[in-house]
Amino acid sequence: MSTEYNPSEIEPKWQKYWEQDKTFKTDKEKDKPKYYVLDMFPYPSGSGLHVGHPEGYTATDIMARYKRKKGYNVLHPIGWDAFGLPAEQYALKTGTHPRDTTENNIQRFKEQLKSLGFSFDWDREVNTTDPDYYKWTQWIFLKLYEMGLAYQDDVPVNWCPELGTVLANEEVVNGKSEVGGFPVVKKPMRQWMLKITEYADRLLDDLDELDWPESLKEMQRNWIGRSRGADVDFQVKGYEEDIRVFTTRPDTLFGATYMVLAPEHETVDHVTTEEQKEKVEEYREQARQKSELERTELNRDKTGVFTGGYAVNPVNGEEIPIWIADYVMLSVGTGAIMAVPGHDERDWEFARKYDIPIREVVKGGDVTQGAFTDTESGEVVNSSNNEISLNGLPVKEAKEKITEWLEKKGYGKEAINYKLRDWLFSRQRYWGEPFPIIFVDGEAKPVPEEELPVTLPDVEKYEPSGTGESPLANIEEWVNTTDPETGKPAKRETNTMPQWAGSCWYYLRYISPEYDEAPVDPEEEKYWMPVDLYVGGAEHAVLHLLYARFWHKVLYDCGVVSTKEPFQRLVNQGMILGEVEYTAYKKEDGEYLSADKVDEYDGKLEKISLEEEEVDKQGDNYILKGTDIQVEGKAHKMSKSRGNVINPDDIVEEYGADSLRLYEMFMGPLEQVKPWSTKDVEGVYRFLNRVWRLIVDEDTGEIDEDVVEDDPDKKQLKTLHETIKKVTEDVEGLRFNTAISQMMTFVNDANKWDKRPRPAMEKLVVLLAPFAPHITEELWEKLGYEESIAYADWPEYKEEYLIPDTQNFAVQVNGKVRAQLEVDIEKSEDKEYVLGLAKEQQSIQKYLEDGKIVKEIFVPGKIVNFVVK
RNA sequence: GCCGGCGUGGCGGAAUUGGCAGACGCGUUGGACUUAAAAUCCAAUGGGCGGAGUACCGCCCGUGCCGGUUCGAGUCCGGCCGCCGGUACCA
């Protein structure tokens with residue numbers, strides 16, 4: 001063993017020890033308070049960990065290790081969200097079974113995670129692709145099915161020919177697939193849907209109780225998108241059925257001058273007149289061919305066609321023309337709107353273009369210039385019939401009054417609309433959970449619980465079957481089965497579940513991974529749930545977190561879990577960007593172009609990347625040294641194509657896992673986006689070296705002789721207990737960066753002491769242990785302890801040691817600091833005494849001479865201020 | 001467009017409740033040790049000005065910009081500007 005701090009020796013040593021000793025196996029006893037700290041479920045990709053992963057994992061690991069020391073029973077598990085597209089696409093290319101790819105990737109991830117010293121309980125590892133796991137995913141689906149929350153529907157789905165699969169709305173970004181960026185078209189297909197909309201209100205309302213970032217809750221609220229308004233039925237001239245519209249502005253009903261149906265709306269055929277038929281059909285065909293992208297494009301020149309039909313406005317009996325236009329979406333509201341051009345920007349634009357009358361019904365703007373949409377200041381006008389008048393009312397009251405009237409007359413009722421849609425839950429892929437569903441005589445029937453799991457068969461080819469069905473459709477011997485109840489021939493469902501399925505409930509499986517009567521052991525569940533701290537990236541803000549909450553509520557309703565919400569406290573770690581890069585722009589003629597002019601330049605530009613030494617700072621900009629040419633200085637998202645990916649393995653090799661962990665926490669606040677800087681890793685590495693030398697004599701490898709058995713003196717106790725206090729509070733608040741700087745300050749102080757009292761040194765080691773577990777285990781051992789430091793008690797600070805002998809005051813005159821004052825602690829609360837002392841200061845007197853003191857401010861322990869005129 | 005977040009030294013960031021802006025780290029500069037270098041240790045380090053003249057003292061400016069409240073504002077209020085994230089014909 002070397003005598004200097006050598007992470008490459010001590011880190012593997014302790015990792016091996018923890019593994020063999022099962023140091024972090026979760027205690028089965030339930031006499032202690034519990035703490036469940038969870039990381040977001042990793043997908044074991046082929047490229048291994050990047051430095052973003054350990055950020056969240058280190059944060060949770062520090063919490064886990066800290067809570068163990070505080071006497072908690074800690075559940076800190078890990079597992080694999082291992083179904084998914086990449087392994088399947090790799091299989092398409094190479095023929096390798098996704099199971100093998102997945103297994104290899106998991107192996108790699110595990111090694112990397114272990115090399116970082118995370119204190120996971122590896123005996124609870126779960127894997128979504130394990131039949132013992134997905135048996136319960138299927139079981140939960142059966143519950144959903146039994147509860148009427150899973151249904152089949154022929155829906156126009158987002159079909160991605162390139163991926164050979166259907167995507168959820170959330171997986172389509174700007175009309176292209178989120179994965180790979182391939183085109184997506186609408187295609188009707190039989191699909192499984194989950195009725196998440198039935199839980200919309202609860203998903204919305206229960207957000208209030210959660211300790212989550214406000215921004216994230218807001219994103220979920222927007223996603224659910226609850227809006228209050230009214231459903232109003234309009235009679236159609238010459239057709240028996242009404243058209244129902246949803247509006248958030250029933251107060252503007254008198255201003256409706258036309259109606260618009262989505263081109264796909266089923267009533268279009270019934271209202272279209274003979275002479276308009278051709279135009280309408282043509283328009284509908286155009287709309288059908290438009291991709292999602294084109295229809296929602298920023299270029300919003302509104303188009304539409306008059307159907308020839310008329311609807312009757314229930315408030316005034318007026319006949320208004322019915323149009324179709326693709327600015328109205330079938331999937332929003334009822335797929336039909338009453339158009340009020342005076343008070344809706346889209347309707348205003350449309351009415352302008354097609355010369356439809358614009359009527360003012362809320363006073364406050366100029367409807368000839370644009371729609372007046374303010375609902376706070378307006379006053380309703382031109383809105384009365386024989387029975388009711390809204391005139392003179394503010395918008396809010398008018399809404400209530402007209403809604404009541406509509407309801408009384410049977411023309412409509414108050415209604416709540418959601419942006420949230422039902423969840424498209426099937427995929428035409430191989431590498432996912434099979435549905436526990438068979439079709440007997442074409443009718444869907446659940447596979448009995450005893451028959452679970454329905455396992456994935458091996459296939460020869462991973463290509464989609466060509467019909468859009470999954471590769472499973474080609475496995476005759478798997479597809480064809482018999483109904484265990486009747487013995488009739490049956491066919492299996494060939495769709496598989498989306499990747500979200502497995503990650504919707506994994507946090508429950510960790511609680512009792514071996515339990516074989518339900519997804520989770522009810523007794524264990526009552527003890528461990530809810531998750532006390534959940535850390536992960538903001539990219540899961542809506543999808544994963546909304547789906548998991550939905551499933552959790554379903555499981556709550558059928559008595560599987562005891563809490564309404566799964567994740568009590570949630571934190572999003574910020575992304576770690578690559579190192580700052582400097583880029584200069586060069587024109588075709590070889591001249592540099594200043595970075596601030598790049599936007600206005602039309603020609604081709606070459607990007608030249610520069611070293612830090614070639615760049616200077618000038619004002620707020622970076623310039624090429626010795627010139628006035630501005631260059632770009634920016635940290636970019638890490639990506640393979642940019643080549644700025646930092647591999648944690650390299651950092652571990654050079655500085656050790658403890659330094660990597662410490663650096664990732666020291667960079668800045670956990671939630672914030674931060675640029676990586678390898679140079680800065682050296683700073684924390686030096687700090688660890690200083691800690692080592694504080695305790696170990698590098699010549700002998702023994703405890704340094706300046707580490708003495710004496711008790712710390714008063715000054716040392718003060719520094720120590722300040723450190724204990726700050727580190728404790730900061731860890732609780734996840735402010736790891738400032739916790740670390742406090743320990744650095746302590747070490748800088750202790751370095752100046754002649755003798756270093758052993759009790760103080762030991763407390764430092766314990767404080768540091770959650771952050772840098774390897775070096776502290778080694779030091780703990782050197783200090784003579786035989787047990788791991790993992791369960792060594794967290795030190796408590798004593799308030800009495802924090803009290804200083806003297807108190808410093810800043811003495812201000814008119815708010816500017818002019819002197820410092822040191823006051824005996826006993827007298828520091830004595831206003832008259834301190835003020836008197838302050839006035840005697842020479843440097844203060846010259847300010848007091850010139851005028852009269854009009855006010856004296858005294859803030860105990862902090863500041864004295866004289867206001868002089 | 002709408003919603004949310006953020007603007008502090010050369011850089012990452014600190015200041016948790018309105019009370020001495022710049023903790024801690026990086027970088028830079030100087031010094032000690034060394035044949036030398038690395039490592040380590042010590043010191044200085046927001047900008048400007050002035051008085052000394054030998055490491056001492058003082059003044060002014062300074063937390064994106066403009067204004068306000070206050071004895072006192074990085075922190076609170078109003079109005080802008082910029083960057084990042086989310087979302088978008090949501091009726």
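Within every chain, numbering begins at 1; the chains are lettered A, B, ... in the order of the sequence lines, protein sequences first and strands thereafter. The figures that follow rest on heavy atoms only: side chains count, while hydrogens, waters and symmetry mates do not.
Only the P atoms considered, B:G4 is 14 Å distant from B:C77, to the nearest whole Å. For B:G64 and B:G7, the C1' atoms lie 6 Å apart once the distance is rounded to whole Å. Using P as the reference atom, B:G30 and B:A37 are 13 Å apart when rounded to the nearest Å. Comparing the P positions of B:C66 and B:A15 gives an interatomic distance of 26 Å, to the nearest angstrom. On the P atoms, B:C76 is 11 Å away from B:U16, given to the nearest whole Å. Of the C1' atoms belonging to B:G5 and B:C59, the separation is 39 Å, rounded to the nearest Å. Taking atom P in both B:G31 and B:C84, the straight-line distance is 44 Å, to the nearest Å. Atom name P, nucleotides B:U63 and B:G10: the rounded distance is 13 Å, in whole Å.
Going from atom CE of A:Met219 over to atom P of B:C2 covers 19 Å, rounded to whole Å. When rounded to the nearest whole Å, the span between CD of A:Glu682 and P of B:A38 equals 13 Å. Here B:C41 presents its C1' atom at 14 Å from CG of A:Asn689, a figure rounded to the nearest Å. In this structure, A:Met744 places its CE atom 6 Å from C1' of B:C24, rounding to the nearest Å. Distance A:Asn748 CG to B:U40 C1': 14 Å, rounded to the nearest Å. Distance CE (A:Met743) to P (B:A23): 19 Å, rounded to an integer number of Å. The separation between A:Lys674 atom NZ and B:C6 atom C1' is 14 Å, rounded to whole Å.
Counting only heavy atoms from C-beta on, A:Lys617 has its side chain closest to B:C11 among B:C11, B:G19, B:C90. Considering only the side chain of A:Trp223, B:U87 comes nearest among B:U87, B:U16, B:C20. Ranking B:C90, B:C3, B:C89 by closeness to the A:Asn222 side chain, first place goes to B:C3. Distances from the side chain of A:Arg818 to the nucleotides B:U87, B:G19, B:C60 place B:C60 closest. The nucleotide whose nearest atom lies closest to any side-chain atom of A:Pro675 is, among B:C3, B:G12, B:C89, B:G12. Distances were taken from every side-chain heavy atom of A:Arg693 (C-beta onward) to each of B:U40, B:C26, B:C24; the shortest belongs to B:U40. Listed nucleotides: B:C3, B:A91, B:G19. Nearest to the side chain of A:Lys862: B:G19. Here B:U40 is the nucleotide among B:U40, B:G13, B:A91 with the atom lying nearest to any side-chain atom of A:Arg686. Considering only side-chain atoms of A:Val817, the nucleotide from B:C20, B:A14, B:G19 that sits closest is B:C20.
For the side-chain hydrogen bond (donor to acceptor under 3.5 Å, both in side chains) with A:Arg249, the lone residue among A:Asp251, A:Thr247, A:Thr252 that qualifies is A:Asp251.
Taking the six-membered ring for Trp and the full ring otherwise, A:Phe372 and A:Trp348 have centroids separated by 6.0 Å or more. The distance between the ring centers of A:Phe687 and A:Phe666 does not fall below 6.0 angstrom.
For B:G72, the OP1/OP2 oxygens have no side-chain nitrogen or oxygen of A:Lys816 closer than 4.0 Å. Here A:Arg735 does not reach the OP1 or OP2 of B:A23: none of its side-chain N or O atoms lies under 4.0 Å away. Distances shown here put every side-chain N or O of A:Lys419 at or beyond 4.0 Å from the OP1 or OP2 atom of B:C89. Side-chain N/O atoms of A:Gln812 include none lying less than 4.0 angstrom from OP1 or OP2 on B:C20. For A:Arg346 and B:C90, the shortest distance from a side-chain N or O to OP1 or OP2 is below 4.0 Å. A:Arg221 has no side-chain polar atom (N or O) that falls below the 4.0 Å cut-off from OP1 or OP2 of B:C3. The side chain of A:Asn737 contributes an N or O atom lying less than 4.0 Å from OP1 or OP2 of B:A14. A close approach under 4.0 Å does occur between a side-chain nitrogen or oxygen of A:Arg690 and OP1 or OP2 of B:C41.
The two residues A:Lys302 and A:Lys353 make their nearest non-hydrogen contact at O-NZ, 2.7 Å. The shortest non-hydrogen separation linking A:Leu216 to A:Leu570 is CD1-CD2, 3.5 Å. Scanning all heavy atoms of the two residues, the minimum distance from A:Ile324 to A:Tyr283 falls at CD1-CD2, 3.6 Å.
When the nearest nucleotides of RNA chain B are assigned to A:Leu216 and A:Thr334 by heavy-atom distance, the more 5′-ward of the two goes with A:Leu216. Two residues, A:Thr745 and A:Gly335, neighbour RNA chain B, and the one matched to the more 5' nucleotide by heavy-atom proximity is A:Thr745.
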Kindly determine whether A:Glu414 and A:Lys399 satisfy salt bridge (Lys or Arg N to Asp or Glu O under 4.0 Å), including the steps that lead there.
CA-CA 10 Å; A:Glu414 187 178 10; A:Lys399 275 188 192 178; over 6 Å; no
With salt bridge (Lys or Arg N to Asp or Glu O under 4.0 Å) as the criterion, how do A:Glu722 and A:Lys718 come out once you've worked through the C-alpha distance, each side chain's angles and the decisive distance to 0.1 Å?
CA-CA 6 Å; A:Glu722 274 169 2; A:Lys718 182 162 178 285; 2.9 Å; yes
Stepwise salt bridge (Lys or Arg N to Asp or Glu O under 4.0 Å) check, A:Lys679 with A:Glu612:
CA-CA 13 Å; A:Lys679 198 86 199 156; A:Glu612 209 185 327; over 6 Å; no
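Pair assignment for B:G1: B:U87, on the basis of Watson-Crick or G-U wobble contacts that are both within less than 3.5 Å. The partner of B:A73, taking Watson-Crick or G-U wobble pairs whose two distances both stay under 3.5 Å, does not exist in any strand shown. With both pairing distances under 3.5 Å, B:A37 is matched to nothing as a Watson-Crick or G-U wobble pair. In this entry B:C59 has B:G48 as its Watson-Crick or G-U wobble partner, both defining distances falling under 3.5 Å. Of the nucleotides present, B:U29 is the one that pairs with B:A43 by Watson-Crick or G-U wobble criteria, both distances under 3.5 Å. The pairing partner recorded for B:G9 is none, the criterion being a Watson-Crick or G-U wobble arrangement whose two distances lie under 3.5 angstrom.
No donor-acceptor distance shorter than 3.5 angstrom exists from the side chain of A:Arg642 to the backbone of A:His636, with no hydrogens or angles considered.
Counting any heavy atom pair closer than 4.0 Å across all strands shown, A:Val673 reaches sugar-phosphate atoms only and no base atom. A:Pro213 comes within contact range of no nucleotide atom at all, as no heavy-atom separation falls under 4.0 Å. Among the atoms of the strands shown, only primed sugar atoms or phosphate atoms (P, OP1, OP2) are found under 4.0 Å from some heavy atom of A:Val867. Within the 4.0 angstrom heavy-atom criterion, only backbone atoms of the sugar-phosphate kind lie near A:Tyr847; the bases stay farther away. Using a 4.0 Å heavy-atom cutoff across all strands shown, A:Glu345 reaches no nucleic acid atom at all. A:Lys726 comes within 4.0 angstrom of a base, heavy atoms only. Residue-level contact check: A:Ser741 touches the bases, meaning some heavy atom is under 4.0 Å from a base atom.
Shown here, B:G85 is classed anti by the O4'-C1'-N9-C4 or O4'-C1'-N1-C2 angle, which is more than 90° from 0.
A donor-acceptor contact under 3.5 Å is not formed by the side chain of A:Lys679 with the base of B:C11.
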